Amino acid sequence: MAYLEILTRTQLVLVATSFILGLIFGAFYDIIRFVYILGGLLSLDGRKTVERKGTLPFCCRLFADLAVSLVMGAAFAVFVYWVNDGQFRWFMAAFAAGGFALWRVTLSVPAMFCADRLARLLKAAVRILLIVPVGRILSLAARGSRSLGRLTARLSVTLYRETAGRAVRRSRRKRALDRTERARLRLAEDVSFEGEEGTRP
């Protein structure tokens with residue numbers, strides 16, 4: 001009789017802990033869905049969850065759900081080894097699934113509603129505190145860089161005019177004077193100003 005009482009008590013503990021584990025799994029999956037909402041993979045339309053369409057969002061949710069399933073499976077295996085020396089009992093899985101389902105139909109709805117509102121608040125805060133200031137700073141930096149570029153270009157042109165430009169203008173003027181002098185000499189040889197034309201040999 002004492003053995004039966006111990007067995008019944010042990011089974012009740014297994015049932016209770018399995019049920020609580022299912023509730024924990026439900027809460028954990030809602031945390032993952034909150035991450036989905038933050039990432040824009042899910043949204044709430046009233047009480048209905050709306051999944052974002054497209055191949056990339058689907059693949060992200062698929063691989064994340066597979067990873068969550070593996071984590072939950074590993075956690076359940078560790079739980080079985082911890083509370084029942086690795087001996088699997090069907091009612092442990094059944095009550096864990098029941099706890100998960102109970103969370104999904106009861107506490108998950110208000111939790112996801114709060115998660116959606118919190119996600120909107122966090123997105124608005126990030127937009128106000130981070131995105132808008134960074135955008136303005138980048139805009140000011142772009143304007144400053146354009147102004148600095150124009151100023152640098154003007155300074156470069158002025159510096160060129162006052163240094164190399166002067167040397168180039170002097171060189172051009174000297175070449176022009178040399179050409180003019182050579183042309184004047186040729187003209188003096190070709191034309192005689194004393195009444196008769198000279199001839200070049």
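What you are looking at is a predicted structure, and each value in this text was computed from that prediction instead of being measured. What's counted below: heavy atoms across the whole structure, side chains too, no hydrogens, waters or symmetry copies.
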Shortest non-hydrogen contact between Ala64 and Tyr36, atoms and distance: CB-OH, 3.0 Å
Asp30 and Met112: CA distance, side-chain angles, deciding distance, side chain to side chain contact (heavy atoms under 4.5 Å, CB included) verdict: CA-CA 7 Å; Asp30 277 350; Met112 291 312 298; 3.7 Å; yes
Nonpolar side-chain network containing Ile131, other nodes, edges under 4.5 Å: Val126, Leu130, Val134, Leu138
Shortest non-hydrogen contact from Pro133 toward Ile128: CD-O, 3.1 Å
From CA spacing to verdict: side chain to side chain contact (heavy atoms under 4.5 Å, CB included), Phe100, Leu23: CA-CA 5 Å; Phe100 183 83; Leu23 293 175; over 6 Å; no
Single-linkage hydrophobic cluster Leu56~Val35, side-chain heavy atoms < 4.5 angstrom: no
Any side-chain heavy-atom pair of Phe95 and Leu14 under 4.5 Å: no
Within-4.5 Å side-chain heavy-atom neighbours: Leu21 and Phe76: yes
Value rounded to 0.5 Å, distance of CZ in Arg33 from CG in Asp65: 10.0 Å
Any donor-acceptor pair under 3.5 Å from Ser147 side chain to Arg143 backbone: yes
Contact summary for Ile37 and Lys123, nearest pair of heavy atoms: O-NZ, 3.1 Å
ILVMFWY cluster, Phe25 and Trp90 together (side-chain gap under 4.5 Å): yes
Linked, directly or transitively: Leu122 and Leu129 (ILVMFWY side chains, under 4.5 Å): no
Linked, directly or transitively: Phe91 and Phe88 (ILVMFWY side chains, under 4.5 Å): yes
Side chain to side chain contact (heavy atoms under 4.5 Å, CB included) involving Cys114 - partner list, sequence neighbours excluded: none
Co-members of the apolar cluster containing Leu155 [side chain, <4.5 Å]: Leu151
Rounded distance (nearest 0.5 Å) linking atom CZ of Phe19 with atom CE of Met92: 15.0 Å
By side-chain hydrogen bond (donor to acceptor under 3.5 Å, both in side chains) - contacts of Thr55 (at least two apart): none
Listed partners of Asp116 passing salt bridge (Lys or Arg N to Asp or Glu O under 4.0 Å), at least two apart: Arg120
Under 4.5 Å side-chain linkage, directly or through intermediates, the cluster mates of Leu185: none
Hydrophobic cluster of Ile20, others only, ordered by chain and residue number, side-chain cut-off 4.5 Å: Ile24
By side-chain hydrogen bond (donor to acceptor under 3.5 Å, both in side chains) - contacts of Lys174 (at least two apart): Asp178
For Thr17, all residues meeting side-chain hydrogen bond (donor to acceptor under 3.5 Å, both in side chains), sequence neighbours excluded: none
Met72 side chain near Tyr29 side chain, heavy-atom distance below 4.5 Å: yes
Residue pairs passing the salt bridge (charged side-chain N to carboxylate O under 4.0 Å, His left out) test where at least one lies in residues 86-96, sequence neighbours excluded: none
Sidechain-backbone polar pair: Ser145 side chain, Ala142 backbone, donor-acceptor under 3.5 Å: yes
Distance in Å, Leu66 CG paired with Leu70 CG, rounded so as to fall on 0.5 Å steps: 6.5 Å
Contacts of Arg127 that satisfy salt bridge (Lys or Arg N to Asp or Glu O under 4.0 Å) - sequence neighbours left out: none
Distance in Å, Arg182 CZ paired with Leu177 CG, rounded so as to fall on 0.5 Å steps: 11.0 Å
Donor-acceptor pair between Ser171 and Arg175 side chains, under 3.5 angstrom: yes
Shortest non-hydrogen contact between Ser18 and Phe79, atoms and distance: OG-CE2, 3.5 Å
side-chain hydrogen bond (donor to acceptor under 3.5 Å, both in side chains) against Arg173, all qualifying residues, sequence neighbours excluded: none
Same apolar cluster (I L V M F W Y, side chains within < 4.5 Å links), Val83/Val13: no
